[in-house]
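Worksheet: one structure, shown below.
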Number of protein chains: 2
Amino acid sequence: MLDDGAQPPGGALYRKVAADLRESIAAGEYGSGGKLPAESALAERYGVSRGTIRQALSALRADGLVTSRRGTRRVVLGTTRVQSFAELVSFTNWARSLGEEPGGRVELLERRPADAEECEQLRLDDGADVVLVLRVRTLTGRPVMVERSVYPVWVGELLTGIPADAVSHTEPLQEQGVVFADADHTIDLVLADEEDARLLGCRAGEPLLRERRRSTDPVGAPLEWSEDRYLPGTVAFTVHNSIGRSALSRRHRSAP
Amino acid sequence: MLDDGAQPPGGALYRKVAADLRESIAAGEYGSGGKLPAESALAERYGVSRGTIRQALSALRADGLVTSRRGTRRVVLGTTRVQSFAELVSFTNWARSLGEEPGGRVELLERRPADAEECEQLRLDDGADVVLVLRVRTLTGRPVMVERSVYPVWVGELLTGIPADAVSHTEPLQEQGVVFADADHTIDLVLADEEDARLLGCRAGEPLLRERRRSTDPVGAPLEWSEDRYLPGTVAFTVHNSIGRSALSRRHRSAP
DNA sequence: TGTGCCATGTTGGCTATACAACTTCCGTCA
DNA sequence: TGACGGAAGTTGTATAGCCAACATGGCACA
């Protein structure tokens, strides 16, 4: 038990405890709807302080795996959940975790001046350049999504050396020290334009699920501003939130 | 400073600190991209321990308001964000927070045996009854969303006494001690059927943004299983996630 | 000039303790 | 039998302290 296997801040004790508890829960050790041992009991079992246990449980709580209420033991909510942040930011990681073969092709990679929204999103000065990458992503050969990403030049020029049929873009970036730490996602619906239709092999005007995403590094510097358009029926987005911890919100759009 | 104004577990010190910091950030006191004071400085300012400050900052971190990295002071990511959990679960609260007039009409309220998925989602035995509520929701008179919710009978029968034109359903439930604590959302795309078209005043086959939601109480008991269908262009869902704290996930659907 | 090292500031992680608030259950008493 | 009350168990909140890991800037040295 207490197997290792995390890379971000790696060796933290509470992460190992959390990982072990996740496994136990997924294995049904406490049943679905069953009660977890008390914090003090877990502290003794793992040989750590109650504070560390609480740190671990807080992570499970945020993932929606367990409840937490003053006065009673924690209850198992779901038996499995959660994708790592890496699986969300990287299409490649996600596909692999599904057992599907990720693919993709760069349709366009160019450097050009940023427009108003790109400046806003990437916090660039007016007139600054950005690198635009247009890619079609496939799952086991089938086109699933078209991705239009713009990067600040200092990020984008790291991508110019990558072959056009490279499976992953985020992995080489990570290797060069670019760390994706935060992301804001906006999900709505959009109709395919002619370019979408051509790239995805659908008809123009067909509805697509759109995810716009702004990713930042640990310091808060914008790394990527991307608009992904998914063919319907291929993906769904799931979110968990709880009272006092709601990363999800619903936004109104008065002007279509 | 340190204004009150939270109702769930109300009086916690770290919540007041967090609320105060939120205000300061929203007021631009540290600038966008600016540095927050050190934890120790904040601890002294508020007259609390560093642990309490860290608890408050952890909440802001989860909301994506500030960064956190070992070695450097925290940086302001965004100036404003976040809706309370109540605004997400309740259409009424949400609409009010937008300054729009929420409306709605119950098209159908009936008690009937649950089907297979409803049993699964609400953790009911086979053959158990559920209460189905079909409602059209309007924003300042304009129909925006159709909501199909099923409740376990013990929740549903609390709704039967409510007038058909009642604005909110969740509020009367809360008053009777039903607390919504956790929710799982799945967002995807669906085409309007005849009923949707009739209720929303659109054409059948038109694309709609669908949110399926399962809400549970603090003990983990399912309270509601709902499917909401939004007219395109009226809403967008936004999610924030960060490395190590990802409540969002992307799911594959192999069989449409 | 430029490079590398070190002191300092800052957050992450962990422990220990104490009390408050709440739930559950059991036993007592009417 | 039923209601009330209290004891025990459990999580929430807060404090204090310690060290490690990391970032930054300045200083010394080549």
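Order of the sequence lines fixes the chain letters, A, B, ..., with proteins taken first and strands second; residue numbering starts at 1 for each chain.
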Atom pair distance, as rounded to whole Å: [atom1] in [X] and [atom2] in [N]:
X	N	atom1	atom2	value
B/Lys16	D/dT13	NZ	C1'	12 Å
B/Leu13	D/dT15	CG	C1'	11 Å
B/Asp217	C/dT23	CG	P	12 Å
B/Glu39	C/dG13	CD	P	11 Å
B/Gln55	C/dT11	CD	C1'	16 Å
B/Leu42	C/dT10	CG	P	11 Å
B/Ile53	C/dG12	CD1	P	13 Å
B/Glu44	D/dA16	CD	P	12 Å

Among residues at least two apart in sequence or on other chains, which ones pass salt bridge (Lys or Arg N to Asp or Glu O under 4.0 Å) with [X]?
X	answer
A/Glu39	A/Arg50, A/Arg54, A/Arg74
A/Glu227	A/Arg210, A/Arg229
B/Arg61	A/Asp182

Verify the contact: side-chain N or O of [X] to OP1 or OP2 of [N], cut-off strictly under 4.0 Å; return yes or no.
X	N	answer
A/Arg73	D/dA8	no
B/Arg74	C/dG9	no
A/Ser40	D/dG9	no

Pairs involving residues 115-124 of chain B, ordered by first then second residue, that meet salt bridge (Lys or Arg N to Asp or Glu O under 4.0 Å) (sequence neighbours left out): B/Arg112-B/Glu118
Set of ring pair (Phe, Tyr, Trp, His ring centres under 6.0 Å) partners for B/Phe91, sequence neighbours left out: B/Trp94
Minimum-distance nucleotide to A/Arg54 side chain [options: C/dC14, D/dA14, D/dG12]: D/dG12
Minimum-distance nucleotide (side-chain atoms of A/Ala38 versus C/dT15, D/dT10, D/dA14): D/dT10
Earlier contact from the 5' end, DNA chain D, for B/Ser49 and A/Pro37: A/Pro37
Check: B/Thr67 side chain, B/Val75 main-chain N or O, donor-acceptor pair, under 3.5 Å: yes
Backbone of A/Leu65 reached by a side-chain donor or acceptor of A/Asp63 within 3.5 Å: no
Contact pattern, 5' to 3', of nucleotides 18-25 of chain D - B, S or - by protein heavy atom under 4.0 Å: B-BBBS--
Upstream residue (5' side of DNA chain C) when B/Val219 and B/Leu36 are each assigned their closest nucleotide: B/Leu36
